[in-house]
Visitor: 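Take this structure first; my questions come after.
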Amino acid sequence: MSTALDKDIHLEMYRKVSLIKLNDDRLQSEILAGRLVMPYYSTRGQEIIPSAVSMHLTKEDYIVTIYRGIHDSVAKGVPLPDLWAELAGRVTGTCKGKGGPMHITHPESGVMVTTGIVGSSIPIGVGLALASQYKKDGRVTVANFGDGASNIGSFHEGLNLASVWKLPVVFVCQNNRYAEHTSYEKGTSCGQIADRAASYNMPGVRVDGNDPEAMYQAASEAIDRARSGGGPTLIEAMTFRFCGHNLGDKSSYIPADEMEEAKANDPVPRYQRWLVEQGYASEADIESIDRANKEVIDSARDYAYSSEYADVSEIKRDVYAYDLD
Amino acid sequence: MSTALDKDIHLEMYRKVSLIKLNDDRLQSEILAGRLVMPYYSTRGQEIIPSAVSMHLTKEDYIVTIYRGIHDSVAKGVPLPDLWAELAGRVTGTCKGKGGPMHITHPESGVMVTTGIVGSSIPIGVGLALASQYKKDGRVTVANFGDGASNIGSFHEGLNLASVWKLPVVFVCQNNRYAEHTSYEKGTSCGQIADRAASYNMPGVRVDGNDPEAMYQAASEAIDRARSGGGPTLIEAMTFRFCGHNLGDKSSYIPADEMEEAKANDPVPRYQRWLVEQGYASEADIESIDRANKEVIDSARDYAYSSEYADVSEIKRDVYAYDLD
Amino acid sequence: MSDSKAETMTMLQAINLAMHDAMAADESVILLGEDVADPECGGVVGISKGLSTEFGDRVRSTPISEQGFMGAGVGAAIAGMRPIVEIMLMNFMTVCMDQVVNHAAKLRFMSGGQTNVPLTIRTMSGAGMQTGGQHTDWTEVWFAHTAGMHVVMPSNPADAYGMLRGCIENDDPCLFLELIPALFTPGPAPIRGTVIPVGKARVAREGSDVSIIAYGRGVWDGLAAAESLAGQGVSVEVVDLRSISPLDDETILNSVSKTGRAVVVHEALRSFGVGAEVSSRIHEHLFGQLKAPVQRIGSSECPTPFAKHMETAFLHSAEEVETAVKVTLG
Amino acid sequence: MSDSKAETMTMLQAINLAMHDAMAADESVILLGEDVADPECGGVVGISKGLSTEFGDRVRSTPISEQGFMGAGVGAAIAGMRPIVEIMLMNFMTVCMDQVVNHAAKLRFMSGGQTNVPLTIRTMSGAGMQTGGQHTDWTEVWFAHTAGMHVVMPSNPADAYGMLRGCIENDDPCLFLELIPALFTPGPAPIRGTVIPVGKARVAREGSDVSIIAYGRGVWDGLAAAESLAGQGVSVEVVDLRSISPLDDETILNSVSKTGRAVVVHEALRSFGVGAEVSSRIHEHLFGQLKAPVQRIGSSECPTPFAKHMETAFLHSAEEVETAVKVTLG
Ligand SMILES: Cc1ncc(C[n+]2csc(CCOP(=O)(O)OP(=O)(O)O)c2C)c(N)n1
Ligand SMILES: Cc1ncc(C[n+]2csc(CCOP(=O)(O)OP(=O)(O)O)c2C)c(N)n1
Ligand SMILES: [Mg+2]
Ligand SMILES: [Mg+2]
């Protein structure tokens, strides 16, 4: 990694990375133990991206994310007890148990929509930014999506619209090289997704999304640009997912050497080593951050499991402003 | 215009240009006279493009076009009597009067689909080319669409797919600078649509679509490439439409000077002058071509008007392979 | 801009006025759609003429990107705006169904009520102008079958004004349907400021022998049939549903429990249409009270043909409604 | 590849076998969809496993571009291929409705019969796996309401095989629906080579007191309710529609004219669903013969909730069907 940012910044960023990683570990183990039942799209390997991006966002700023988006929600500040309660289907969850893992929503933290439809986060992000442009509220919207999403129509329409209207939005394409079981090359005709920004007369940058400093810088530039009226940016953040498309997927479609190389470069231990090398943290410091995060996670889990389920009559509520009978 | 092609090529091309232009004139006058009732999207001003493109196509090659596509159909060889009969809603029409101007279809001439939905010609063109790739039938598909269509999702998905599968298809974007009443700049974020080809790792070329030689050359290269297995090309053919979006539209949204300049460069009289200057044709030759075309048009019209209407029971036919009762 | 003091106006003017008044009353109301701003002629039929001149960039002409700007409407709605999104013709809804059905309709529920989508979608359709198979469809049943959506359709200018204002004020996504020929037909002018809430039908004509339950063009043919039948001694009640989702069961059932006979009319294809739901509900609730099975009328089961004579045969007519009424009379 | 001599197989195996046999029989049959080829695991649930290995690039994994590859299916079909296009889940049909509704369904008519679209669209859906609000919808009524489309849904492996082959051989666009839990449920194996033409219902259980008219999961709950009711002295006939468009009126009406009572069951939302059409047709044809109004059962009027207890409440159940049967018995 290049020139170092301040220690404080790094420690704050690492705290997020650690929380996302440990939270993912715990979710996986709870699911495998049968205590949690849900479809799960692990974000293991993609921790750095939202940790760096969210460093530049206020609580008021908006994000939109996708089924593989719990890292984005955690980084943006969704309280873990509410998140866990949602995943456990409890009434204390962010969405009273109605949304589940693919639809985490928490406007208080700026997490406005989590969608399960590929590409659809993009036009919605455009709309949030449009509202900010009207209201002049100074907010920036970050719309997250995957590499596969860059081949769907919503990507094209959304980026064009954001550019024509010069909206305060940043498009973060988390390129983990696979869309379900299909490799980047099989589905995507261009060498890099960042190049597609040219089609919209928009700055486009490919960055190593697993490099905290590079990611931090790229996000900083794009978010500053958006906030200062300079319009949208497309960031292609290169990363990798270690745990398949969803839990249970053995990643058989990923060549062994690719997987090995990726694992050797697992961004979380690499970041830990770097922090130590850089003199920003001792191993004990890191352990202590991790331990604190684990406690937060444990208590979130316990809160969730001890929470009530919503009454089934809830299915008649929130369909419309009024209750159905 | 640059280096001249053979006289024969030019005369054949001019014959098409003249036929399209005179046919459009006649359609307009018939509609204004109340003898023909239909929504009409004039192609006046865009005659050169399909005249040049179709020079490189066999009858077996496929085209897909749009509501503003009668020029494409005429250039590809749809017999005028069948075309006119369709526009007049007669049973002798290409589609028995069921399709009308926005859905001209004539597989015998390779006109496979005319669509009224912006952008949708593109994926369908991709599919025709896919069939040719499977069958190894050597056919090339030309998918036509407008500048406005380059902002819709189908454009993006279709071009990406054609590139990934290296299909024998040419995308001809007829850029007449307006999408209904919206100017190119208001809807399209990039300087030129041809640049969007880079998003699909596909050759993209902007050409003066009103210049017969330039258009002929660009089409030649793209169609050769497609036919020889070199994959798709995006051609952005610059042109202008003189008669508004549809008949009755006064083009009030087009600045007067833009309209004036375009009219001063009307490609049809300009082509006529050039043919004379080039020594390829005398004014008498041109008149004689035009006269012959007018006769073809007149007799097509007469054929149409003297044809029968389909029995109304036709609405129960062609919904499915079997007739409804 | 239209003058509300005029005694009559077209539905086009009424809709223009409703958008105007809503925008004047609430600055969170915006309008997005192709060609909607004044430099682009205020829409293909001029329905938003004057609005961008008065309200500036709250009225925006969009690229041809229905997924893009419908999604933008959804996002802006979540963030507190009240967008009106115009989809030029109903057939073009097919390119942005995801944003409507998977997002606008569901976000309130999926977020457990934390977000809501006060979005009004306006679109028009209707056969009769020889525009062929891709410009005339009525797919309202798709949206009525989608939990979280409201669907309404006015048959006259006064209702159009009040119902559009009702949609814009509604806190959930509403689909507001415009019958193209109705846009150009004058009728009694609305009283400015009237808001008709979603969900309320209207008895358009009272009668005692048979109920015609209809919306949009069906109301026109229903009223014409009723008039003709009155001359033949048959008293027909015409219920203008106005709201398709939710259906106003009370008004429908009140009418049919009085008459014991019903004909449902809409321009959408007969099979699997809204009429099937209305018919089923009537049979379920008034079984034993009905004097005849409910008749359903819709367009023929084919794409809209281009040629005039086939297009006319494809569409329903007042005569067809009259015949159906007579069938219920035995 | 599955062995047809086995006595039982899952619907997944039956569908795999049907695609295999169709591809072996006719080289114009191709398969397009996300992840469908073997390097991509033969589909998310492995339903096309082995096909690309045997048939090469006639099986293609696509980018996530449903409009693109659905359109490609339409274009290829016009040019003489018989594409099977897999849309991973039915909710994703929302991003490619235009190609299906405005093109596949209409091109034969709009071209006056010069072109046709022998396209088979396969997609799956169904609640019960806690996948939440955007992965479980049933929108078959949208397509049934579209002239030019066929819509079918099997409830068991043998039907799935024959019906899928029937769709692939059909010269018009067919939507073939797969119930996710059914894919993994074993049942009697198909006889290879069987082709069940579109449009034919099947009496799944004979009975004389009440008819349950259902498809998909509704057949399962219908059969369970019938079994339970048999123990209570009620003889229930279960009609598995299999074909939703066209409906097999003859089989439906034969059954209900025998029993005089009917309950329609589907997993799609009750309101404005296919059940409304079936109910309306029964009332229209058998008015006076019915002993009770037709009952309709569907899912609750909301998006599918995530939490298990709410999801269960949302879905219909055999008990609910049983209760509805008892309602018809008074
Ligand atoms: C419109 C649509 N098509 C297909 C799917 C099924 N699907 C879910 S995730 C996914 C892969 C997405 O890949 P990518 O965009 O790279 O994101 P990643 O999962 O790798 O984070 C697909 C095809 C979907 N959800 N929506
Ligand atoms: C999906 C869709 N949206 C909107 C329309 C309405 N519409 C018809 S033509 C047109 C403009 C198209 O412009 P362009 O692509 O430049 O083609 P041109 O008409 O200029 O040839 C629009 C918006 C449509 N037909 N389809
Ligand atoms: Mg990916
Ligand atoms: Mg144009």
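First the proteins, then the strands, lettered A, B, ... as listed; each starts at 1.
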Visitor: Need one label for D/V294: side chain, backbone, both or neither, based on atoms under 4.5 Å from any heavy atom in chain C.
Guide: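 The backbone, not the side chain.
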Visitor: Which one of D/T139, D/I282, D/V141 has the most heavy-atom pairs closer than 4.5 Å to chain C?
Guide: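 Of D/T139, D/I282, D/V141, D/V141 has the most heavy-atom pairs under 4.5 Å with chain C.
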Visitor: Could you check C/W142 against D/T146 for side-chain contact (heavy atoms from CB on, under 4.5 Å), going step by step and ending with a plain yes or no?
Guide: CA-CA 10 Å; C/W142 299 3; D/T146 302; 4.2 Å; yes
Visitor: Relative to chain C, which of D/G273, D/G298, D/A292 shows the most heavy atom pairs under 4.5 Å?
Guide: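 Among the listed options, the one with the most contacts to chain C is D/A292.
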Visitor: Using a cut-off of under 4.5 Å on heavy-atom pairs, state which of C/G133, C/G148, C/S300, C/S271 scores highest against chain D.
Guide: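 That would be C/S271.
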Visitor: When only pairs under 4.5 Å are counted, which of D/T94, D/N91, D/V274, D/D98 shares the most heavy-atom pairs with chain C?
Guide: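 Heavy-atom pair counts peak at D/T94.
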Visitor: Any side-chain to backbone donor/acceptor pair from D/H145 onto C/F272? Under 3.5 Å, distance only.
Guide: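 Yes, D/H145 side chain to C/F272 backbone: donor-acceptor pair under 3.5 Å.
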Visitor: Taking every non-hydrogen pair under 4.5 Å, which of C/C302, C/S280, C/G288, C/A147 racks up the most with chain D?
Guide: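 Most heavy-atom pairs within the cutoff with chain D belong to C/S280.
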Visitor: Nearest 0.5 Å, what's the SG-CE distance between D/C96 and C/M97?
Guide: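 With rounding to 0.5 Å, SG (D/C96) is 11.5 Å from CE (C/M97).
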Visitor: Which one, C/T304, C/L269, C/V278, leads in non-hydrogen pairs under 4.5 Å with chain D?
Guide: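 When all of C/T304, C/L269, C/V278 are compared, C/L269 has the most.
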Visitor: For D/L247, which atoms come within 4.5 Å of any heavy atom of chain C: side chain, backbone, both, or neither?
Guide: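 For D/L247, side-chain heavy atoms alone lie under 4.5 Å from chain C.
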Visitor: With chain D, which of C/G132, C/G275, C/P305 has the greatest number of heavy-atom pairs at distances under 4.5 Å?
Guide: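 Looking at each option in turn, the highest pair count goes to C/P305.
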Visitor: Most heavy-atom pairs under 4.5 angstrom with chain C, which of D/E301, D/K106, D/R296?
Guide: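 Most pairs with chain C among the choices: D/R296.
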Visitor: Does atom NZ of D/K308 have more than 12 heavy-atom neighbours, drawn from other residues, nucleotides or ligands, at distances under 6.0 Å?
Guide: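 Yes, the 6.0 Å shell around NZ holds more than 12 heavy atoms from other groups.
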Visitor: Supply the atom-to-atom distance D/H283 NE2 to C/L290 CG, rounded to the nearest 0.5 angstrom.
Guide: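 Those atoms lie 8.5 Å apart.
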Visitor: More than 12 foreign heavy atoms under 6.0 Å from CD of D/E250: is that the case here?
Guide: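 It does not: D/E250 CD has 12 such atoms or fewer within range.
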Visitor: With only heavy atoms counted, which part of D/Q67 is less than 4.5 Å from chain C, the side chain, the backbone, both or neither?
Guide: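 Side chain of D/Q67 only, per the 4.5 Å heavy-atom cut-off to chain C.
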